[in-house]
Amino acid sequence: MKLTGFFALTEREVSRFLRVWQQTIIPPMITSILFILIFGYSLGSKISAVAGVSYIGFIIPGLLMMGVIMSAYSNTSSSLYISKFQGQVQEYLVAPLSYWQIIFALTIAGVLRAILVGAGILAVSLLFTSITVHSYAMLLFFIVMVSLLFSFAGIATALWAGNFDQMNIFATFLITPLTYLGGVFYSISMLPSFWGTVVRFNPILYMVDGFRYGFIGITDVPLWHSVLLVLILTVFFFVLCVWMFKKGYKLRT
Amino acid sequence: MDAITIRNLTKKYGDGTVALQNISFSIKKGEFFALLGPNGAGKTTTINILTGLANKTSGDVLLFDQDVVRNYQQARSLVGLVPQEFNLDQFDKVYNTLFFNAGYFGIPRSQRHSKIESLLRELGLWEKRYSKVRELSGGMKRKVMIARALIHEPKILILDEPTAGVDVETRKSLWTYFRRLNQKGTTILLTTHYIEEAEELCQRIAIVHKGNIIALDTKNNLLELLERETIKVVLSEPLSVLPPSLKKYGAAVQHNALLLTINPKQNNFSKLLDDLRKTKLSIRKIETERTTLEDVFLHLTKK
Ligand SMILES: Nc1ncnc2c1ncn2[C@@H]1O[C@H](COP(=O)(O)OP(=O)(O)OP(=O)(O)O)[C@@H](O)[C@H]1O
Ligand SMILES: [Mg+2]
């Protein structure tokens with residue numbers, strides 16, 4: 001199988017966000033610094049250690065996951081949506097690229113941006129506190145799988161969306177609130193038991209919790225729940241993307 | 001093996017519009033073929049199905065025996081498409097657009113530069129290679145789409161109204177360019193509203209109307225069928241009796257004018273003039289009117 005076409009599309013997608021790194025890589029780092037300053041320093045000093053970890057050390061893994069989720073999702077969704085809007089997505093459709101190649105080229109760019117953002121947030125975090133790693137394997141697993149998951153989800157959204165409003169629905173009403181409420185800033189043990197049950201329906205909580213395990217070695221929910229959920233959701237969105245591309249959902253008339 | 005084979009192709013859009021009704025035709029390797037038809041006839045629909053931009057409802061479409069659905073990757077690699085609507089990345093540079101599209105078609109990096117340079121030079125766009133697409137004029141954008149379609153030297157070139165919005169001079173030079181490509185062996189399928197364009201370039205022409213092919217023949221045969229010239233002879237005084245010698249020209253009397261039709265392919269214009277002179281009618285002036293595409297459609301759809 002010739003992969004020149006696949007590499008060309010990947011290169012275009014990667015250069016698309018690297019060219020405007022000031023808009024794609026830097027903002028999540030600034031957001032994280034702000035959160036660290038506000039919650040970590042000013043308020044965090046009033047919050048006692050969570051599970052034996054300083055509050056600032058507790059929120060950093062969550063901030064990182066937040067940046068990863070947003071970056072992966074917005075990279076694939078905006079790239080594909082704009083291509084659809086300008087009609088330039090037809091370039092991929094008339095070329096001898098397989099559906100897999102198109103999906104993976106878009107996804108690799110999303111994953112790469114997410115990992116760069118994650119590394120950037122980690123780097124700025126190190127300015128404020130020292131960080132220990134409990135399990136590199138789990139860190140790698142969660143950062144790669146979650147960025148894959150949201151890259152696929154971004155592709156599916158861009159294919160589905162017929163206009164800008166529809167494009168923003170998921171980001172505004174689903175992903176952003178679920179991320180903020182996804183255990184970035186609190187441990188379930190800090191919540192009243194009713195809310196402790198409610199937040200367990202938020203899938204992002206599991207991603208944050210599993211990823212945080214990689215750093216501090218402690219979880220709120222069983223680790224295997226998080227691993228399994230992330231695997232299932234990733235496969236689900238992947239299959240959805242393949243199906244939509246194959247069918248030419250809102251791509252081919 | 002034909003370059004393009006279309007068998008019993010039907011296309012029904014999601015909203016129920018039937019755009020193509022069981023059409024069949026094939027285009028030979030090396031042919032320059034035109035699809036001619038009014039707005040909404042189904043030309044772009046046909047092309048979109050050939051190139052993977054639309055799904056067929058039923059029927060078979062093959063490009064050099066490769067099924068456009070089953071062997072879609074092989075089929076796509078054979079075709080270059082210049083679409084009717086602009087579909088370029090407005091924010092990218094001309095050079096990059098061609099560079100990446102060359103990649104999509106499997107051209108290694110090392111070969112891309114020379115291909116891009118020769119194409120852009122031929123099309124007079126080399127100076128604009130570092131301009132963003134949105135900074136180009138409409139005609140230049142169309143040329144970028146032509147360059148993009150040709151970057152992988154496709155065996156089949158599909159042109160959907162390639163000279164829409166292009167000035168007369170550019171149109172003529174594009175015609176020359178397309179003719180040369182065809183002479184070098186590229187099979188070309190062109191759609192157009194301009195009968196002159198089809199006449200100028202194509203060996204065979206299919207006329208599409210409401211999703212059907214209502215005529216398909218060589219250019220010469222179609223012109224013989226369709227192209228007739230109407231000659232209006234204005235007389236000094238009204239005519240009461242039609243001279244019998246003019247009957248064979250399908251003569252009709254209109255006040256003090258005679259309407260005669262001839263087929264210019266039969267070269268009988270001087271014969272007509274002779275016949276006219278022999279009638280000794282006093283002629284004030286003669287006007288000729290060529291058949292337009294509209295006349296052709298009216299003629300064919302009335303049948
Ligand atoms: N995406 C679509 N959804 C529904 N109907 C469509 C769609 N695209 C085209 N049609 C309909 O299909 C028919 C054929 O359209 P098509 O674009 O193939 O015409 P055309 O011959 O290319 O016309 P033109 O000369 O104006 O470009 C028209 O009735 C059109 O309204
Ligand atoms: Mg059209």
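Within every chain, numbering begins at 1; the chains are lettered A, B, ... in the order of the sequence lines, protein sequences first and strands thereafter.
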Which atoms of B:L78 are under 4.5 Å from chain A, going by heavy atoms: the side chain, the backbone, both sets, or neither? neither
Decide ring pair (Phe, Tyr, Trp, His ring centres under 6.0 Å) for B:Y72 and A:Y99; before the verdict, give the C-alpha distance in whole Å, the side-chain angles of both, and the deciding distance to 0.1 Å. CA-CA 11 Å; B:Y72 71 100; A:Y99 309 129; 4.7 Å; yes
In residues 136-148 of chain A, which residues are in contact with chain B at a heavy-atom separation under 4.5 Å? none
Do any of residues 12-27 of chain A come closer than 4.5 Å to chain B, heavy atom to heavy atom, and if so which ones, in number order? A:R12, A:S15, A:R19
Where on B:T97 is there a heavy atom nearer than 4.5 Å to chain A: the side chain, the backbone, both, or neither? both
Run the side chain to side chain donor-acceptor pair (under 3.5 Å) test on A:Q90 and B:N87 for me, step by step, so that the C-alpha distance in whole Å, both residues' side-chain angles and the decisive distance to 0.1 Å come before the verdict. CA-CA 7 Å; A:Q90 295 184 344; B:N87 66 350; 2.8 Å; yes
Check the surroundings of atom CZ in A:F173: do more than 12 heavy atoms from other residues, nucleotides or ligands lie under 6.0 Å from it? no
Listed by number, the residues in residues 59-80 of chain A that come under 4.5 Å of chain B (heavy atom to heavy atom) are none
Going from OG1 on A:T4 to CZ on B:R112, what distance comes out if it is rounded to the nearest 0.5 angstrom? 7.5 Å
Answer key: most heavy-atom pairs under 4.5 Å with chain A among B:L88, B:N48, B:I107, B:V79 is B:L88
A quick test of your reading: do over 12 heavy atoms of other residues, nucleotides or ligands sit less than 6.0 Å from NZ of B:K115? yes
Drop me the distance from A:Y92's OH to B:R76's CZ, to the nearest 0.5 angstrom. 15.5 Å
Is the count of non-hydrogen atoms from other residues, nucleotides or ligands lying under 6.0 Å from B:Y13 atom OH greater than 12? yes
Within residues 234-253 of chain A, which residues come under 4.5 Å of chain B, heavy atom to heavy atom? A:K247, A:L251, A:R252, A:T253
Are there more than 12 heavy atoms of other residues, nucleotides or ligands under 6.0 Å from atom NZ of A:K84? yes
Closest approach of B:F105 to A:A95 (non-hydrogen atoms, all atoms of both residues): CZ-CA, 3.6 Å
Under a 4.5 Å heavy-atom cut-off, does chain A meet the side chain of B:R134, its backbone, both or neither? neither
Nearest 0.5 Å please: distance from the CG atom of A:L93 over to the OH atom of B:Y104. 11.0 Å
Only one of B:L50, B:I158, B:L81 passes side-chain contact (heavy atoms from CB on, under 4.5 Å) with A:V94, and that residue is B:L81
Quick one: do A:Q86 and B:F91 satisfy side chain to side chain contact (heavy atoms under 4.5 Å, CB included)? Show the steps, please. CA-CA 10 Å; A:Q86 294 194 103; B:F91 300 98; 3.7 Å; yes
Any side-chain heavy-atom pair of B:R148 and A:E91 under 4.5 Å: yes
Could you tell me whether B:K128 atom NZ has more than 12 heavy atoms of other residues or ligands within 6.0 Å of it? no
Heavy-atom pairs under 4.5 Å with chain A: which of B:T51, B:T45, B:N55 has the most? B:N55
Measure across A:S98 and B:Q73 and return the closest heavy-atom pair with its distance rounded to 0.1 Å. N-NE2, 3.4 Å
Is B:R7 atom CZ crowded by more than 12 heavy atoms from other residues, nucleotides or ligands, each under 6.0 Å away? no
Please state whether the side chain, the backbone, both or neither of B:N101 comes within less than 4.5 Å of a heavy atom of chain A. side chain
Tell me whether the count of non-hydrogen atoms from other residues, nucleotides or ligands lying under 6.0 Å of NZ in B:K12 goes above 12. no
